[in-house]
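Read through the structure below, which is laid out as structure tokens, and then see the notes.
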Number of protein chains: 2
Amino acid sequence: MDQELIKKIPHKTIQRLSQYRRALLLCFEQGKTHIFSHEIANIQHITAVQVRRDLMLIGYSGNLRKGYNIKDLIDLIGEIIDSPNGQKVAIFGMGNFGRAIAKYFTGRRSKLTIVAGFDVSPEKVGKQVAGVPCYSVEEAQQIILEEGIRIGIITVPGDQAVETARMMVEAGVKGILNFSPTPVEVPENVFLEEYDMVTSLEKVAFYVKEH
Amino acid sequence: MDQELIKKIPHKTIQRLSQYRRALLLCFEQGKTHIFSHEIANIQHITAVQVRRDLMLIGYSGNLRKGYNIKDLIDLIGEIIDSPNGQKVAIFGMGNFGRAIAKYFTGRRSKLTIVAGFDVSPEKVGKQVAGVPCYSVEEAQQIILEEGIRIGIITVPGDQAVETARMMVEAGVKGILNFSPTPVEVPENVFLEEYDMVTSLEKVAFYVKEH
DNA sequence: CATAATTTGTTATTTTATTAACAGGGCAAA
DNA sequence: TTTGCCCTGTTAATAAAATAACAAATTATG
Ligand SMILES: NC(=O)c1ccc[n+]([C@@H]2O[C@H](COP(=O)([O-])OP(=O)(O)OC[C@H]3O[C@@H](n4cnc5c(N)ncnc54)[C@H](O)[C@@H]3O)[C@@H](O)[C@H]2O)c1
Ligand SMILES: NC(=O)c1ccc[n+]([C@@H]2O[C@H](COP(=O)([O-])OP(=O)(O)OC[C@H]3O[C@@H](n4cnc5c(N)ncnc54)[C@H](O)[C@@H]3O)[C@@H](O)[C@H]2O)c1
């Protein structure tokens, strides 16, 4: 696919492609070879039109009678969202959440590998969590460079997030997923995604509230 | 505020209100009494217009010279998104992630309290995590009813999520925050929020990829 | 062979969300 | 007092996302 076009894919479509792929992988494991847009839509919470539109944007054509070839589609989504040689990820803050993430990601075959954790606590530095070595923050710059880590996950306490992000960017990280409740600033050439769990829960609470 | 109007507030605004409040609480603790829209905007990643628009929607008026009264605004946001007597929350699946959430939420004063965890593993049932008792899933229906739990967080493995959600709804849960990668179905009167961490990370990876 | 039934691919429309524009108010300083 | 500045609140314009609508293609079937 043309690189120019890839950049024009809406953010929401990128997210859905990731989700389509996971659903497709499940179908593929079950021995299915083809799938219709409305079947994909049923698995996710969306409409068949949305699915077709997304696939149109990535230039994938299905078979009019059999639908989409699952294997081909998985591969095409992979070509778009994965990097050929994978990407390395580091976790900043190996507390309860950071460790849960490390355990969760390790072992599952994926183009994304968590290769390092960083923490300030002497109890954690030097240990391994699910095979992920934990280093001190002082070593971060060096390890990030050596390993070629381009993505960082922030799971430090909120009051440490801004400084941590600054340091990550300085060390060469190109993408940050910030799970702390404190928004951080990054330069334009760094991609930032933030998710605040408390906000999500408060949102649910609001819509559940007896007005 | 009028209940009819409250229901018309956009989802995104509700999320931002939650975030404004947290930022405001920090400012309040630092002794500030008033704040301008552009100051709030700077803390979050948004524009001052967005802030003013959101506050307009909830009918809050600031002082032309001093900006918004922090204390009043915190209280108003609380009136809108909190329930007066708080709401009870349960976690389904007390694994690594579920336990991290339990530890994280406990102790912080908030209108949301995690009062129970549920799991199938005999090792976990009967124990406590950060003061949150873990029950077997068989007990769920009864405990949810007794405690008046209206909100549930799903942190069971993906292949258990659909069945878990079904059971939660049957037991009377009115809002679900699903962290498993598997989308679940809920009836119309139940509010559903889903967050998929892998998708977030894949999104970051995509925008960081060297095209 | 014609027809009905499906499903894709794409354009048009609608809805939702964000940003821009600006009137009006209040205070400070000239 | 008057001028200028910097706010808020609100309407208007723009952009992004989702949905609807439908032509074209393919196959099964009478
Ligand atoms: N645990 C959850 O379920 C959860 C949910 C939502 C958000 N979060 C957020 O994730 C973050 C971590 O939460 P947690 O529950 O794991 O807390 P935690 O206290 O268990 O872990 C924080 C870790 O960060 C380390 N740390 C502190 N300062 C650091 C620094 N400057 N550099 C590197 N490491 C540092 C600490 O030593 C500790 O190991 C917080 O910002 C929290 O708000 C956690
Ligand atoms: N750990 C993470 O950082 C992380 C990140 C993103 C998403 N998730 C998702 O959260 C979920 C849990 O992840 P985890 O890492 O905590 O896994 P985990 O295996 O540590 O925990 C899962 C827990 O659920 C329990 N369980 C299994 N079936 C159950 C059922 N039917 N009812 C109640 N409990 C049941 C298990 O006994 C276990 O305690 C998974 O769906 C995972 O995809 C986890």
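Within every chain, numbering begins at 1; the chains are lettered A, B, ... in the order of the sequence lines, protein sequences first and strands thereafter.
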Next item on the list: For the residue pair B:Tyr207 and A:His11, establish whether any side-chain heavy-atom pair is separated by less than 4.5 Å.
Entry: yes

Checklist line | Start and end of the DNA chain C segment that chain A contacts, any atom under 4.0 Å from a heavy atom | finding: C:dA5 to C:dA12

Check: Which pairs count as salt bridge (Lys or Arg N to Asp or Glu O under 4.0 Å) when at least one residue sits in residues 30-51 of chain B, sequence neighbours excluded?
Finding: B:Lys32-B:Glu39

Note to self: In this structure, how many angstroms lie between the P atom of D:dC7 and the CZ atom of B:Arg52, rounded?
What the structure shows: 10 Å

Margin query: Treating primed atoms plus P, OP1 and OP2 as sugar-phosphate and everything else as base, which nucleotides of nucleotides 11-20 of chain D get B, S or - for protein heavy atoms under 4.0 Å?
Written below: BB----SSBB

Next item on the list: For residues 173-188 of chain A, pull every pair meeting salt bridge (Lys or Arg N to Asp or Glu O under 4.0 Å), keeping only residues two or more places apart or in separate chains.
Entry: none

Notebook entry, point to check: Rounded to the nearest 0.5 Å, what separation is found between the CG atom of B:Asp82 and the CZ atom of A:Phe206?
Noted result: 11.0 Å

Next item on the list: Going 5' to 3' through nucleotides 23-30 of chain D, assign each nucleotide B (protein heavy atom under 4.0 Å from a base atom), S (under 4.0 Å only from sugar-phosphate atoms) or - (no protein heavy atom that close).
Entry: --BBS---

Notebook entry, point to check: Do A:Asp119 and A:Val137 have side chains that get closer than 4.5 Å, going by heavy atoms?
Noted result: no

Notebook entry, point to check: In this structure, are over 12 heavy atoms from other groups packed under 6.0 Å from A:Phe28 atom CZ?
Noted result: no

Item checked: Spatial distance of atom CD1 (B:Ile46) from atom OG (B:Ser37) [nearest 0.5 Å] -> 9.5 Å

Margin query: For residues 200-211 of chain A, which residue pairs pass the salt bridge (Lys or Arg N to Asp or Glu O under 4.0 Å) check, not counting sequence neighbours?
Written below: A:Glu202-B:Arg21, A:Lys203-B:Glu193, A:Glu210-B:Arg150

Item checked: Atom-pair distance (CD on B:Glu39; C1' on D:dC6), nearest Å -> 13 Å

Notebook entry, point to check: Is the closest side-chain heavy-atom distance between B:Glu194 and B:Phe179 below 4.5 Å?
Noted result: no

Check: Within this structure, what is the CG-to-C1' distance between B:Leu55 and D:dC7, rounded to whole angstrom?
Finding: 14 Å

Checklist line | Side chain to side chain, A:Asn96 and B:Tyr104, heavy atoms closer than 4.5 Å | finding: no

